[in-house]
Amino acid sequence: MRDPFFHALALAHKGEGPMPDCDGKSVEFVDYDARPTPEDAAIMCSACPWLTLCRDSARRRKPSWGVWGGEVWVNKRRVHLLPSDHEFL
């Protein structure tokens, strides 16, 4: 089954729907030097029309790294679920 997030993203790139707020901002959402806090991630994504779709997709896919759907992911785990930050840096 095709992930609805990537299907919607393909349509958005064709001009057939809204783009996610993070499009073209990889430095803020994926390629950052200092990892955002869960609170920062929630704020970064709060106004995005893709918030729920992105978060649901990330929870299914478990991305290796980045801010997805208002949540910070590291090593395929949501940061707020990690026992402590120093174990995973």
Side-chain angles (χ1 to χ4, degrees):
M1 180 175 127
R2 186 172 186 185
D3 188 314
F5 173 83
F6 291 105
H7 178 70
L9 188 59
L11 291 174
H13 279 280
K14 292 179 184 178
E16 298 177 21
M19 292 297 292
D21 288 352
C22 62
D23 189 65
K25 300 177 184 173
S26 64
V27 170
E28 296 170 50
F29 290 85
V30 181
D31 297 330
Y32 43 78
D33 292 326
R35 183 176 67 218
T37 66
E39 293 79 17
D40 291 338
I43 292 168
M44 290 166 70
C45 298
S46 64
C48 184
W50 289 61
L51 177 65
T52 302
L53 184 64
C54 182
R55 181 179 49 227
D56 293 348
S57 175
R59 288 179 178 178
R60 280 190 304 276
R61 292 181 297 108
K62 301 188 182 339
S64 296
W65 187 261
V67 173
W68 293 88
E71 298 175 332
V72 181
W73 290 80
V74 175
N75 296 330
K76 299 188 176 208
R77 295 178 69 190
R78 287 182 281 163
V79 166
H80 76 280
L81 299 177
L82 299 177
S84 66
D85 286 343
H86 72 277
E87 294 178 30
F88 295 94
L89 293 178

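In this text the structure is predicted, and so the values were computed from the model without any measurement.
- The shortest heavy-atom contact between A12 and P18 is CB-O, 3.3 Å.
- Between L51 and P20 the shortest side-chain heavy-atom distance does not fall below 4.5 Å.
- With rounding to the nearest 0.5 Å, the separation of CG in D3 from CZ in R60 is 4.5 Å.
- The distance from atom SG of C48 to atom CZ of F29, rounded to the nearest 0.5 Å, is 7.5 Å.
- The salt bridge (Lys or Arg N to Asp or Glu O under 4.0 Å) pairs that include a residue from residues 44-59 are R59-E71, where partners are two or more places apart or lie in different chains.
- Among the candidates P38, C45, C22, the single residue satisfying the side-chain contact (heavy atoms from CB on, under 4.5 Å) test with V67 is C45.
- Pairs of residues two or more places apart, or lying in two chains, that qualify as side-chain hydrogen bond (donor to acceptor under 3.5 Å, both in side chains) and include a residue from residues 39-48 are T37-E39, T37-D40.
- Applying the side chain to side chain contact (heavy atoms under 4.5 Å, CB included) criterion to I43, with sequence neighbours excluded, gives no partner residue.
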List the steps and the verdict of side-chain contact (heavy atoms from CB on, under 4.5 Å) for H13 and M19.
CA-CA 7 Å; H13 279 280; M19 292 297 292; 3.4 Å; yes
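- Alongside W68, the hydrophobic cluster contains F5, F6, L9, W50, L53, W73 (criterion: ILVMFWY side chains under 4.5 Å).
- Of all the heavy atoms in A41 and P36, the pair that sits closest is N-CB, 4.4 Å.
- Scored by the side-chain hydrogen bond (donor to acceptor under 3.5 Å, both in side chains) test, T52 finds no partners at all (sequence neighbours excluded).
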